[in-house]
Amino acid sequence: MPMLQHFLLAFATFGSALAAGSYPSLKVRNAGVPVGQFKNVSGIQIYHSYPPGRNTSAKAILHVTDIYGVPLLENQLLADSIASNDYLVIMPDLFAGDAVSDAEQEAGLNLTDWRALHPMSEIDRIINTTIAYMRSELGVEKIGGVGYCFGGKYVPRFLTASGGIDAGFIAHPSSLTEGEISSVKGPLSMAAGTLDTAFNATAKVRAEAILNTNNVTFQSNLYFAAPHGFAVRPNQSIPQQAYAKQASFIQAVTWFDSWL
Ligand SMILES: *[C@@H]1O[C@H](CO)[C@@H](O)[C@H](O)[C@H]1NC(C)=O
Ligand SMILES: *[C@@H]1O[C@H](CO)[C@@H](O)[C@H](O)[C@H]1NC(C)=O
Ligand SMILES: *[C@@H]1O[C@H](CO)[C@@H](O)[C@H](O)[C@H]1NC(C)=O
Ligand SMILES: *[C@@H]1O[C@H](CO)[C@@H](O)[C@H](O)[C@H]1NC(C)=O
Ligand SMILES: *[C@@H]1O[C@H](CO)[C@@H](O)[C@H](O)[C@H]1NC(C)=O
Ligand SMILES: *[C@@H]1O[C@H](CO)[C@@H](O)[C@H](O)[C@H]1NC(C)=O
Ligand SMILES: *[C@@H]1O[C@H](CO)[C@@H](O)[C@H](O)[C@H]1NC(C)=O
């Protein structure tokens with residue numbers, strides 16, 4: 001086929017998918033105005049980002065954030081970017097209005113004290129409430145979980161036989177234990193960075209071995225020169241970090257397109 005016809009055919013396919021409002025956008029948004037909406041659900045502020053042209057989807061994503069939480073622009077844009085690939089994305093405030101801000105961190109916030117205010121039992125409760133809301137109020141049938149940093153511990157906790165998450169993606173998880181990885185039953189994709197000490201290359205290899213032994217469908221990538229937090233807030237002027245965010249975004253979307 002001549003080149004021009006190839007091009008026209010490709011363009012026609014692209015155009016008709018766009019017209020249907022469902023052509024996926026595999027470019028993660030790093031700047032701009034978020035398009036989602038907050039709703040108060042049982043006292044939890046939950047950010048809702050809708051798929052193009054619809055307000056729900058049978059397969060939806062639960063976004064479990066880092067410590068910067070729902071106020072962070074990058075977190076809202078990340079949720080929106082996943083939503084534009086045809087998923088309803090639901091991102092609960094895990095910290096009851098007490099997410100960490102850059103200003104607090106610059107002023108020397110003691111993170112040990114902050115973590116003590118947001119114990120695992122409370123985070124588990126919020127995630128459980130959110131999963132129940134997705135299934136009963138929003139009519140979601142399958143839930144994909146994305147977890148970044150702090151949230152990377154919680155997706156595996158609920159990707160179990162009865163936890164309620166059906167497929168997961170985690171990037172640079174914090175405080176993730178081998179016991180939690182051992183309890184994973186659903187498909188799991190992992191993104192690690194060579195500069196991350198919270199989930200380093202050794203921890204990644206251990207996780208792979210556990211999942212493989214347990215016959216859990218998994219996939220993982222190690223991003224060179226990527227520090228903790230790269231999938232959310234990389235330094236965009238460092239090419240390896242910008243690449244790691246973009247590539248790990250595609251990693252997540254491709255994972256759910258195949259396994260959710
Ligand atoms: C959310 O709704 C609850 C009642 O369900 C109310 O007590 C609470 O103040 C509301 N929170 C916000 C932040 O609006
Ligand atoms: C979706 O739209 C329907 C019909 O307009 C409405 O009843 C429902 O509450 C909406 N759901 C959400 C999550 O906004
Ligand atoms: C944070 O506070 C704890 C006590 O709650 C203290 O032991 C620790 O040294 C503090 N950390 C820093 C970095 O100040
Ligand atoms: C979530 O709630 C269910 C009951 O709806 C309970 O059985 C389960 O233990 C809870 N999970 C966590 C991690 O809190
Ligand atoms: C990862 O961390 C563990 C324990 O903190 C350490 O033993 C191991 O050598 C580290 N691996 C790499 C590749 O840095
Ligand atoms: C392992 O998983 C594969 C794919 O889901 C399945 O076909 C196979 O039967 C499983 N093997 C065992 C030993 O459970
Ligand atoms: C990002 O990286 C550039 C180039 O190395 C550096 O000049 C800049 O200070 C970094 N920005 C932040 C916020 O760390």
Side-chain angles (χ1 to χ4, degrees), residues 34 36-49 62-73 75-76 79 90-123 125-138 147-150 152-153 156 170-182 188 190-212 218-231 240-241 244 248:
Q37 293 162 18
F38 280 100
K39 292 185 183 176
N40 179 346
V41 177
S42 310
I44 305 167
Q45 289 297 118
I46 299 186
Y47 184 81
H48 294 58
S49 193
L62 168 62
H63 181 156
V64 191
T65 69
D66 58 14
I67 61 174
Y68 305 105
V70 294
L72 187 77
L73 176 67
N75 280 334
Q76 295 184 11
I90 294 297
M91 181 169 71
D93 175 9
L94 305 172
F95 312 118
D98 185 38
V100 172
S101 68
D102 288 342
E104 282 173 321
Q105 249 185 330
E106 277 154 28
L109 176 73
N110 183 324
L111 277 176
T112 306
D113 290 348
W114 179 84
R115 279 198 191 86
L117 294 172
H118 306 286
M120 195 167 75
S121 56
E122 179 60 6
I123 306 297
R125 185 191 69 78
I126 291 169
I127 293 175
N128 234 357
T129 303
T130 306
I131 289 173
Y133 163 70
M134 291 173 77
R135 291 196 190 275
S136 60
E137 306 279 319
L138 304 179
Y148 302 88
C149 308
F150 182 94
K153 177 185 183 67
I170 57 175
H172 40 74
S174 305
S175 312
L176 177 60
T177 67
E178 292 189 358
E180 284 161 341
I181 295 166
S182 299
L188 179 64
M190 303 180 286
T194 59
L195 299 182
D196 181 19
T197 52
F199 187 69
N200 70 16
T202 309
K204 170 182 163 289
V205 168
R206 282 287 306 150
E208 290 163 349
I210 292 167
L211 295 168
N212 192 44
F218 77 93
Q219 181 275 329
S220 57
N221 290 323
L222 179 62
Y223 295 97
F224 174 70
H228 193 63
F230 70 82
Q240 286 83 358
Q241 292 194 28
S248 63

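Keep in mind the model is a prediction, meaning the values are calculated, not measured. For the numbers below, each heavy atom of this structure counts, side chains included, while hydrogens, waters and symmetry mates do not. Order of listing sets the numbers, starting from 1, for every ligand and every atom in it.
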Test of proximity, Asp113 against ligand 3: N or O pairs below 3.5 Å: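 Yes.
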For ligand 3, which atoms sit closer than 4.0 Å to a heavy atom of Asn110?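 Result: 1 (C), 2 (O), 3 (C), 8 (C), 10 (C), 11 (N), 12 (C), 14 (O).
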Going by the angle between their ring planes, with limits at 30° and 60°, are Phe150 and Phe95 parallel, tilted or perpendicular? perpendicular
Using a 4.5 Å cut-off on heavy atoms from C-beta on, say whether the side chain of Leu94 contacts that of Ile127. yes
Would you check ligand 1 and list the protein residues that come within less than 4.0 Å of it by any heavy atom, ordered by chain and number?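 Residues near ligand 1: Asn40, Gly43, Gln45.
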Please check this pair: side chain of [X] against backbone of [Y], looking for a donor-acceptor N/O pair closer than 3.5 Å.
X	Y	answer
Asp93	Gln45	no
Glu104	Ser101	yes
Glu208	Ser220	no

Mind checking whether Phe38 and His48 have ring centres under 6.0 Å apart? no
With atoms numbered from 1 as shown, which atoms in ligand 5 lie under 4.0 angstrom from a non-hydrogen atom of Asn200?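 Ligand 5 atoms under the 4.0 Å threshold to Asn200: 1 (C), 2 (O), 3 (C), 8 (C), 10 (C), 11 (N), 12 (C), 14 (O).
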ring-ring contact (aromatic ring centres under 6.0 Å, His included) involving Tyr68 - partner list, sequence neighbours excluded: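 Tyr68: no ring-ring contact (aromatic ring centres under 6.0 Å, His included) contacts found.
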